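Keep in mind the model is a prediction, meaning the values are calculated, not measured. Numbers here simply count residues along the sequence, with the first being 1.
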Amino acid sequence: MDVSTRKSAEDFADAVDALAAAMRRPVESGSDLRAIEALLEPLRQALPAGRAEAVLRLAGMVQEVDPVLRLSALAAITGDLRHYEDLFDLVEAQFEQSDLDRLLHIQCCIGRQLFLMRMDAASRPGFFEDRLFPYYIRLIGAIRRRLGIDPRPRPPGNPATGRVMLVTNQFLSLRHQPSRDLLSYATVLEERCGRDVVILNTNIMPADLHSLFVPSFAASIEPAFDGKQVIEAEGRSYRMLSSTGRALTRDKVDWFLRAVDWHDPDVVVSLGGSVVVADLLAAARPTLCIPTTSGLTPSLAGIVLDYGGGSRPAGGPLAASWRPSRFLFSLIGTPPPVQAAPAQIATDWTATARAESRAGFGLPDDAFLCVVIGNRLDEEADGAFLSMLDALIDRVPRAAVAFAGEAAALAGRLHRARHAGRLFPLGYVSDMTTLLRVADAYVNPRRTGGGASAAAALAAGVVPVSLPAGDVAAVIGPRFVVPDYAAALDRLALLAEDPAAFAAVAAEARSRGAGRADPAEAAAALSRYLDEAVAVHRPLP
């Protein structure tokens with residue numbers, strides 16, 4: 001072993017020792033957990049052999065620490081779902097002795113790691129169906145029982161009201177894409193489906209840390225949204241009832257249930273998975289769930305729509321409730337793209353206008369411009385992704401990459417990259433339409449989210465390049481998917497160096513965007529599913 005290899009091994013062992021020492025100390029605050037997470041991160045980024053070695057060493061040093069901390073840390077390093085299975089075994093054995101906030105916090109933390117694609121699905125096939133979903137069902141039952149929640153069924157034979165309750169876990173602002181999606185669906189339900197909509201902003205996800213799970217998770221709450229609200233956006237008004245209570249209490253849940261009784265909706269519609277208030281109502285009223293991300297959705301709704309045009313689950317808890325659908329990206333706040341012929345585009349969008357628009361973002365006019373869009377790029381634009389972009393610029397020196405989205409640490413990482421001068425962190429971009437109009441390629445790191453920006457990229461004729469998993473892949477379709485970052489590098493280099501190939505694929509992207517989902521047809525299908533939710537609902541005796 002040479003000196004450098006020995007030093008690397010010593011550094012690695014020191015990193016494990018430092019993590020073990022931090023885990024053995026009393027963990028009494030969020031800052032203590034964040035310190036542990038910072039020590040976890042370099043181990044999580046290590047090669048597989050290194051992660052396995054780290055877990056073996058760490059497991060022997062932290063046997064006496066809080067088991068949730070220990071098992072979640074081992075899972076974070078390895079991505080092995082079997083550690084979460086052990087954690088569920090532990091929690092379920094103590095289920096009746098644990099408070100509801102702790103039980104909900106653990107479920108949300110595990111769901112968050114699955115959403116962020118941090119876990120290896122192959123390490124425990126069927127984890128969602130066998131463990132996560134049954135745990136969620138048990139949790140909903142415990143909330144109902146312990147808080148004395150007994151939603152009143154709508155009396156049989158009552159006439160339809162034409163009303164819908166649209167329930168979300170979290171509404172923050174129009175800079176938060178799921179919040180924009182919520183208002184988009186409220187608009188579709190009212191203007192295209194003819195329903196009267198009231199929004200429930202429940203803020204049920206834990207806003208504080210109730211377990212020592214790492215990486216920790218605490219949901220944001222917008223203090224301004226409390227009580228009865230009228231939200232104004234794009235010249236429309238939306239009625240919303242919102243609670244900023246930070247704990248899961250009977251008063252908080254019961255306030256929403258009384259609002260449902262008052263509004264008397266034909267259907268309770270949840271936007272997203274694990275929407276606790278909507279799932280508490282599933283036994284009493286017709287319910288429909290609109291997932292906001294690809295993959296399997298924890299929901300007890302009678303009808304659970306698909307997200308990206310997938311196929312019916314072969315088995316498991318969603319096999320009966322699943323219905324084909326595509327998520328509608330109506331993009332509140334963004335003007336609809338102009339569908340023009342190529343010749344008209346060339347006439348309307350001159351080289352001068354393109355150059356001036358790029359200059360407004362501080363981007364080079366002569367570049368093959370790639371855009372990366374997201375508000376979690378601190379985590380998602382990881383070392384492997386940035387290495388691929390560095391390799392692209394090695395091969396295509398005129399390539400440049402713009403990063404759009406709120407990401408506090410990203411700028412510093414880009415500044416240290418080999419091709420820092422060709423990497424441009426833009427921060428939050430309010431005029432995404434113009435940015436996409438001057439872009440050539442939309443490059444997607446490995447992640448779950450990003451469906452809205454991918455839809456906007458297609459509509460603008462920007463060529464998407466994505467790995468096969470996640471929301472972006474579901475939206476753009478297999479034509480624009482590559483198996484790995486090496487193939488992404490080859491695809492991008494070809495597009496940059498072959499104008500004819502680029503023009504043909506850009507036309508395909510625009511065609512895919514135009515044909516993804518017709519709003520009128522999608523709204524008609526949604527209306528049919530609302531009626532079906534009423535037809536299939538059977539209230540519990």
Side-chain angles (χ1 to χ4, degrees), residues 31 34-35 37-46 76 112-113 115-118 172-178 180 214-218 220 293 358-364 367-394 396 399-432 434-436 438-454 456-457 462 464-467 469-472 485 488-489 492:
S31 61
R34 287 189 290 274
E37 290 164 19
L39 294 168
L40 271 172
E41 189 60 21
L43 300 176
R44 191 178 72 82
Q45 297 288 349
R112 177 74 170 173
Q113 293 308 297
F115 170 77
L116 293 175
M117 300 179 72
R118 296 276 180 83
L172 294 177
S173 74
L174 292 185
R175 295 180 70 163
H176 178 237
Q177 186 61 48
R180 294 159 66 94
V214 288
S216 55
F217 169 72
S220 298
T293 188
R358 282 196 176 186
F361 290 107
L363 300 171
F368 176 78
L369 182 61
C370 303
V371 294
V372 182
I373 300 173
N375 282 328
R376 289 182 295 272
L377 294 179
D378 280 343
E379 297 84 18
E380 294 164 346
D382 59 11
F385 182 68
L386 296 183
S387 293
M388 184 272 289
L389 296 178
D390 265 337
L392 172 64
I393 299 169
D394 287 338
V396 184
V401 187
F403 297 80
E406 294 177 335
L410 180 64
R413 294 171 56 219
L414 298 181
H415 181 72
R416 295 189 294 273
R418 286 194 296 110
H419 292 297
R422 306 295 291 177
L423 305 175
F424 299 87
L426 304 181
Y428 181 81
V429 174
S430 57
D431 189 3
M432 193 62 71
T434 298
L435 176 62
L436 287 170
V438 301
D440 297 304
Y442 169 98
V443 188
N444 188 49
R446 186 178 187 274
R447 60 171 175 164
T448 298
S453 59
V462 179
V465 178
S466 175
L467 300 186
D471 298 356
V472 170
Y485 283 149
L489 170 61
L492 290 166

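The two atoms that bring G450 and V472 nearest to each other are O-CG2, 3.5 Å, heavy atoms only. Of all heavy-atom pairs spanning T448 and L116, the tightest one is OG1-N, 4.3 Å. Looking at every heavy atom in both residues, V462 comes nearest to A439 through CG2-O, 4.0 Å. Scanning both residues, I373 and S453, for their nearest heavy atoms gives CG2-CB, 3.8 Å. What you find for D378 and A408 is that their closest heavy atoms are OD2-N, 2.9 Å. Nearest approach of G383 to R413, heavy atoms of both residues: N-NH2, 4.0 Å.
Between the side chain of N375 and the backbone N or O of G405, no donor-acceptor pair lies under 3.5 Å. Under the 3.5 Å distance criterion, the side-chain polar atoms of Y485 are matched with a main-chain donor or acceptor of R446. Side chain of R422 to backbone of I393: no donor-acceptor contact under 3.5 angstrom is found. The backbone N or O of L174 lies less than 3.5 Å from a partner atom in the side chain of R180, making a donor-acceptor pair.
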Start with the C-alpha distance between V372 and L377, add both sets of side-chain angles, then the distance that settles side-chain contact (heavy atoms from CB on, under 4.5 Å), and finish with yes or no.
CA-CA 9 Å; V372 182; L377 294 179; 3.9 Å; yes
Apply side-chain hydrogen bond (donor to acceptor under 3.5 Å, both in side chains) to residues D431 and T434 and explain how you reach the verdict.
CA-CA 6 Å; D431 189 3; T434 298; 2.7 Å; yes
Take V214 and L40, measure what side-chain contact (heavy atoms from CB on, under 4.5 Å) needs, and give me the verdict at the end.
CA-CA 9 Å; V214 288; L40 271 172; 3.8 Å; yes
Decide side-chain contact (heavy atoms from CB on, under 4.5 Å) for F361 and V429; before the verdict, give the C-alpha distance in whole Å, the side-chain angles of both, and the deciding distance to 0.1 Å.
CA-CA 9 Å; F361 290 107; V429 174; 3.9 Å; yes
Using the side-chain hydrogen bond (donor to acceptor under 3.5 Å, both in side chains) rule, take D394 and H419 through it: C-alpha gap first, then chi angles, then the decisive distance, then the call.
CA-CA 9 Å; D394 287 338; H419 292 297; 2.6 Å; yes
Begin from the C-alpha positions of R358 and D440 and carry the test salt bridge (charged side-chain N to carboxylate O under 4.0 Å, His left out) through to its verdict.
CA-CA 12 Å; R358 282 196 176 186; D440 297 304; 3.2 Å; yes
Before you tell me yes or no, could you show the steps for E379 and R376 under salt bridge (charged side-chain N to carboxylate O under 4.0 Å, His left out), namely the whole-Å CA-CA distance, both residues' side-chain angles and the distance that decides it to 0.1 Å?
CA-CA 6 Å; E379 297 84 18; R376 289 182 295 272; 5.9 Å; no
Can you list the steps and then say if V465 with N444 is a side-chain contact (heavy atoms from CB on, under 4.5 Å)?
CA-CA 6 Å; V465 178; N444 188 49; over 6 Å; no
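When side chains are defined from C-beta on, V371 counts as touching L436, because their heavy atoms get closer than 4.5 Å.
Between R34 and E37 there is no salt bridge, since none of the side-chain N atoms of the basic residue sits less than 4.0 Å from a carboxylate O of the acidic one. Using a 4.0 Å cut-off between charged nitrogen and carboxylate oxygen, R175 and E406 count as a salt-bridge pair.
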